[in-house]
Amino acid sequence: EPPHLRIFSAQQLVTEIPECLRARRRLLKSKLNEDEMLLSITQFPLLGSATSTYIDGQGPTSGPLLRSQLLSDDCLHQIPPFALEIDGIIERRGSVPHTAVPVFRDKDTPWPFIDPELSPATLDFGTLRLPEAGSGSGSGGSRDRDSGYAMGVQSKSRSSSNGPANTAAMNGGQPANSFAHGRFMEVLQLDPPPVSSPLLDIPSGRNSILLDSPLFGVGSGGILRVTLCAADLDEARVLYDHLAPISAIMIALTAGTPIVRGYLTDRDSYWDVQCSAVDDRSAQERGFAPLTTAKGKLMKSRFGTIDNYLGPGPNSKDMSFNPEYNDMYYTYDSGANVKMMNAGVDKELSQHVSRLFIRDLHFATAKMLREKDDATGSRSNGQEHFKRFLGCNRQNVCLYPPNTRTRSGWEVEFMSLEVQLTDEENAAYITFIVLLSRVILSYRLNLYLPISMMDQNMARAQSVNAVKEQLFYFRRDLFSGQDGKQSGPGRISRGGNNSNWNESQGDAAGATTPERDAPHNQNLGIGSPDTAEYVELTINEILNGSPTHKVTGLLTIVLSYLPSMGLEYSAEQELRRQLVLIRRRASGKLCTLATWMRNFVQQHPDYRHDSVVSPKVNYDMLCTLNDIEEGR
């Protein structure tokens with residue numbers, strides 16, 4: 001049968017997903033010893049802590065695999081792909097990526113806080129190592145990590161099929177021509193970036209704990225992935241675009257990581273920490289050094305938010321997409337882009353795919369690269385190889401093409417849910433995302449935000465108690481724009497630091513060019529409450545509605561959709577019961593897991609109000625969480 005027909009029916013959504021989660025948990029628990037327990041949380045709170053031994057027979061740190069001063073190699077599963085992935089990240093970057101996580105300041109926390117285990121002075125942050133003449137290596141190391149052309153918007157040479165391109169539009173400066181290894185290159189002449197530039201990512205060591213391994217990203221930060229089947233590419237594009245702006249809302253709602261390395265942190269979610277821990281950009285790509293062999297300056301880690309919207313497709317009558325929503329510059333492979341556009345692929349989709357090819361695979365198996373399968377003699381169609389590229393570039397939403405081997409159709413994966421403690425909670429969030437996807441398609445909702453505004457929301461979503469204390473940019477009228485007529489220009493800000501979006505965004509994006517700021521000024525002027533295109537809202541207002549701002553809540557729209565599904569009464573009531581969790585979390589009547597954990601630590605008699613989570617406090621907290629999950 002057609003792949004897109006093999007999705008869960010509405011009845012299965014009610015019965016099979018919760019039971020599937022419970023069955024997996026029962027299976028896992030059946031393999032445990034009597035003194036072991038299974039917890040569905042994002043990360044073991046003391047991972048990397050010097051005060052705790054958390055693996056039986058745990059070996060010393062600074063092993064040959066992780067090269068970490070905090071983690072033993074015993075933390076890494078010994079199957080080859082995991083070790084190859086870690087090694088590939090370190091090798092490509094030219095150093096171990098390090099991440100600074102701000103510490104929560106309690107009443108007795110030493111301030112300024114200095115990490116007692118790691119000091120920036122002892123860490124290698126990828127300081128530029130100039131290549132030997134003719135070596136072809138951009139930042140040192142054993143292989144040509146940065147080999148390739150600088151990529152951008154306009155191709156200016158036909159001397160290579162790869163198509164060297166203009167980097168000026170991507171990097172905010174004027175290019176200078178040079179020749180490297182006999183190939184035409186355009187090298188951007190950069191001034192030294194300011195110390196505050198996010199492209200450097202150098203932890204100052206003040207008031208932060210430091211992490212020194214990609215394993216804090218690859219092996220941590222548990223994500224509840226929801227993969228949605230689409231009928232065709234056009235439908236997949238719609239889901240991809242309109243689910244992306246919801247990511248920040250869901251990160252805040254599912255926040256579950258207030259403790260990292262045995263410290264209370266000044267954030268509730270793990271998104272940025274995970275993205276930073278696996279950041280394999282070389283010195284050139286991060287802006288440390290002038291571009292010589294890198295393909296361009298990359299604004300984001302390979303794990304992060306999306307770079308661009310896809311738009312509804314060239315044959316769609318939906319006119320809600322505005323190219324100005326793609327207001328954040330990014331680098332893509334112009335050779336791949338030209339090849340796809342010449343073959344009839346539209347601009348947005350071709351740039352989306354070609355941006356994948358500015359990053360290397362961390363590893364590839366011989367079977368993947370083999371043109372023919374030795375066993376069957378069949379010729380590879382490249383799908384598994386391309387799947388590896390997709391797997392090495394993870395954004396808040398991901399688009400996957402059909403696969404003839406698995407017979408899957410077009411798929412969109414939502415990646416912005418932190419895993420929850422209980423099966424019932426996880427099932428509720430899966431249900432909500434699935435229902436929201438159906439509502440987006442059925443009601444043709446318009447959830448577009450400028451990419452820069454979405455990134456600002458993502459930063460706010462990770463703050464402590466973001467559900468109750470943060471405001472998020474959101475589209476005021478979700479039902480307008482399909483005819484190309486927007487509700488009106490402008491935005492409504494509600495004071496405080498959140499109103500300074502225009503001023504702060506230039507620093508956050510690492511760009512200061514007038515061309516960069518033009519879309520912001522055009523779209524985001526102050527508007528009237530009745531016509532403004534965007535408004536700052538609480539999560540409660542976004543999901544449950546705001547009469548003041550004339551905003552219909554997403555949850556309200558989803559609930560209004562349920563009767564049209566033709567469910568049996570009991571099934572519809574069960575869906576409504578699951579969605580009560582979302583409503584109460586949004587309103588603040590139920591706290592997030594992160595808030596619960598933070599409160600538990602701060603109220604524990606052994607906690608000294610110094611931000612340190614001791615093994616005793618951690619053990620009691622995990623045992624209590626286990627009792628909650630098991631219904632005791």
Side-chain angles (χ1 to χ4, degrees), residues 39-49 54 68 70-71 75 85-86 89 97-104 115 198 201 203 208-226 246-280 300-305 394-398 413-421 425-426 429 454-455 457-467 470 539 585 591-598 600-601 611 613 618 621-622 625:
L39 288 174
S40 174
I41 57 178
T42 58
Q43 183 187 81
F44 181 65
L46 299 189
L47 181 67
S49 171
Y54 37 85
S68 168
L70 299 173
L71 300 176
C75 297
E85 186 77 13
I86 297 290
I89 291 171
H98 297 94
T99 303
V101 186
V103 167
F104 174 76
D115 191 317
D201 296 329
S208 298
I209 60 169
L210 303 178
L211 310 177
D212 71 343
S213 174
L215 194 62
F216 284 105
V218 174
S220 305
I223 298 298
L224 178 66
R225 301 185 187 181
V226 182
I246 304 301
S247 299
I249 311 306
M250 303 313 297
I251 282 180
L253 274 179
T254 59
T257 321
I259 304 170
V260 176
R261 230 192 80 196
Y263 291 91
L264 285 176
T265 69
D266 200 30
R267 60 179 65 211
D268 276 356
S269 298
Y270 203 69
W271 178 264
D272 276 350
V273 180
Q274 184 177 28
C275 296
S276 176
V278 299
D279 187 358
D280 67 349
K300 298 178 181 179
S301 167
R302 67 170 67 223
F303 282 26
T305 53
R394 298 178 186 174
Q395 279 74 49
N396 47 335
V397 288
C398 300
E413 192 167 50
F414 190 79
M415 298 279 286
S416 308
L417 299 171
E418 292 203 356
V419 69
Q420 301 296 287
L421 177 66
E425 291 170 288
N426 287 319
Y429 282 109
M454 180 187 69
D455 287 348
N457 281 351
M458 292 290 281
R460 296 177 181 183
Q462 299 167 70
S463 304
V464 174
N465 203 15
V467 171
Q470 287 292 319
I539 286 184
R585 282 268 171 88
C591 69
T592 62
L593 178 59
T595 297
W596 186 94
M597 295 171 75
R598 190 180 298 274
F600 184 95
V601 170
S611 305
V613 180
N618 180 68
M621 180 182 70
L622 297 186
L625 287 172

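Treat the numbers as computed from the prediction; the structure is a model and nothing was measured.
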* Asked: Can you check whether Leu417 reaches Ile223 side chain to side chain, under 4.5 Å on heavy atoms?
  -> no
* **Ile259 and Met621: CA distance, side-chain angles, deciding distance, side chain to side chain contact (heavy atoms under 4.5 Å, CB included) verdict** => CA-CA 12 Å; Ile259 304 170; Met621 180 182 70; 3.8 Å; yes
* When you measure from the side chain of Asp212 to the backbone N and O of Ser68, does any donor-acceptor pair fall under 3.5 Å? -> no
* Asked: Is Glu425 close to Arg585 at the side-chain level, that is, under 4.5 Å between some pair of heavy atoms?
  -> yes
* What is the distance from atom CD1 of Ile209 to atom CG of Asp266, rounded to the nearest 0.5 Å? -> 11.5 Å
* To do: Apply the test side-chain hydrogen bond (donor to acceptor under 3.5 Å, both in side chains) to residues Asp268 and Gln462: give CA-CA distance (whole Å), side-chain angles for both, the deciding distance (0.1 Å), then the verdict.
  => CA-CA 6 Å; Asp268 276 356; Gln462 299 167 70; over 6 Å; no
* Go through the steps to decide whether Thr595 and Asn465 satisfy the test side chain to side chain contact (heavy atoms under 4.5 Å, CB included), and finish with yes or no. => CA-CA 7 Å; Thr595 297; Asn465 203 15; 3.9 Å; yes
* Asked: How far does CG of Leu47 sit from SG of Cys75, to the nearest 0.5 angstrom?
  -> 5.5 Å
* To do: Output, in order, the C-alpha distance, side-chain angles, deciding distance and verdict of side-chain hydrogen bond (donor to acceptor under 3.5 Å, both in side chains) for Tyr429 and Gln420.
  => CA-CA 9 Å; Tyr429 282 109; Gln420 301 296 287; 4.6 Å; no
* CE of Met458 to OG1 of Thr305: how many Å apart, nearest 0.5 Å? -> 6.0 Å
* Does Val467 reach the side chain of Leu253, with side-chain heavy atoms less than 4.5 Å apart? -> yes
* Audit row: Ser269, Thr257, side-chain hydrogen bond (donor to acceptor under 3.5 Å, both in side chains) steps and yes/no -> CA-CA 5 Å; Ser269 298; Thr257 321; over 6 Å; no
* **Residue pair Asp115 / Ser208: nearest heavy atoms and the distance that separates them** => CB-O, 3.9 Å
* Going by an N to O cut-off under 4.0 Å, is there a salt bridge joining Asp455 and Lys300? -> yes
* Asked: So which heavy atom on Gly256 is nearest to which on Thr42, and how close?
  -> O-OG1, 3.3 Å
* **Partner set under salt bridge (charged side-chain N to carboxylate O under 4.0 Å, His left out) for Arg302, not counting sequence neighbours** => Asp280
* Kindly compute the distance separating CG (Leu264) from CE (Met597), expressed to the nearest 0.5 Å. => 9.5 Å
* Give a yes/no verdict on a cation-pi contact between Arg225 and Phe414, requiring under 6.0 Å between NZ or CZ and the six-membered ring centre and an angle within 45° of the axis. => no
* To do: Please check if the side chain of Thr265 supplies one atom and the backbone of Pro258 the other of a donor-acceptor pair under 3.5 Å.
  => yes
* To do: Mind checking salt bridge (charged side-chain N to carboxylate O under 4.0 Å, His left out) for Glu418 and listing every partner two or more places apart, or none if nothing turns up?
  => none
* Measuring from Tyr263:OH to Leu46:CG, what's the distance to the nearest 0.5 Å? -> 11.0 Å
* To do: Taking all heavy atoms of Asn426 and all of Ser40, pick out the closest pair and write down the distance.
  => ND2-OG, 3.8 Å
* To do: Might you work through the side chain to side chain contact (heavy atoms under 4.5 Å, CB included) test for Leu593 and Leu625, ending with a clear yes or no?
  => CA-CA 10 Å; Leu593 178 59; Leu625 287 172; 3.9 Å; yes
* Would you say the side-chain atoms of Arg261 pair up with the backbone N or O of Leu210, donor to acceptor, closer than 3.5 Å? -> yes
* Structure fact -> Rounded to the nearest 0.5 angstrom, the CD-OG distance for Gln470 and Ser463 is 4.0 Å
* Nearest heavy atoms of Ser276 and His98, plus distance in Å -> OG-O, 4.0 Å
* Asked: Does the pair Phe216 and Val278 meet the rule for a side chain to side chain contact (heavy atoms under 4.5 Å, CB included), with working shown?
  -> CA-CA 8 Å; Phe216 284 105; Val278 299; over 6 Å; no
* Who pairs with Arg267 by salt bridge (charged side-chain N to carboxylate O under 4.0 Å, His left out), at least two apart in sequence or on another chain? -> none
* Structure fact -> Of all heavy-atom pairs linking Val260 and Gln43, the shortest is CA-OE1, 4.0 Å
* Might you point out which heavy atoms bring Asn396 and Ser247 nearest each other, and give the distance in Å? => ND2-OG, 3.1 Å
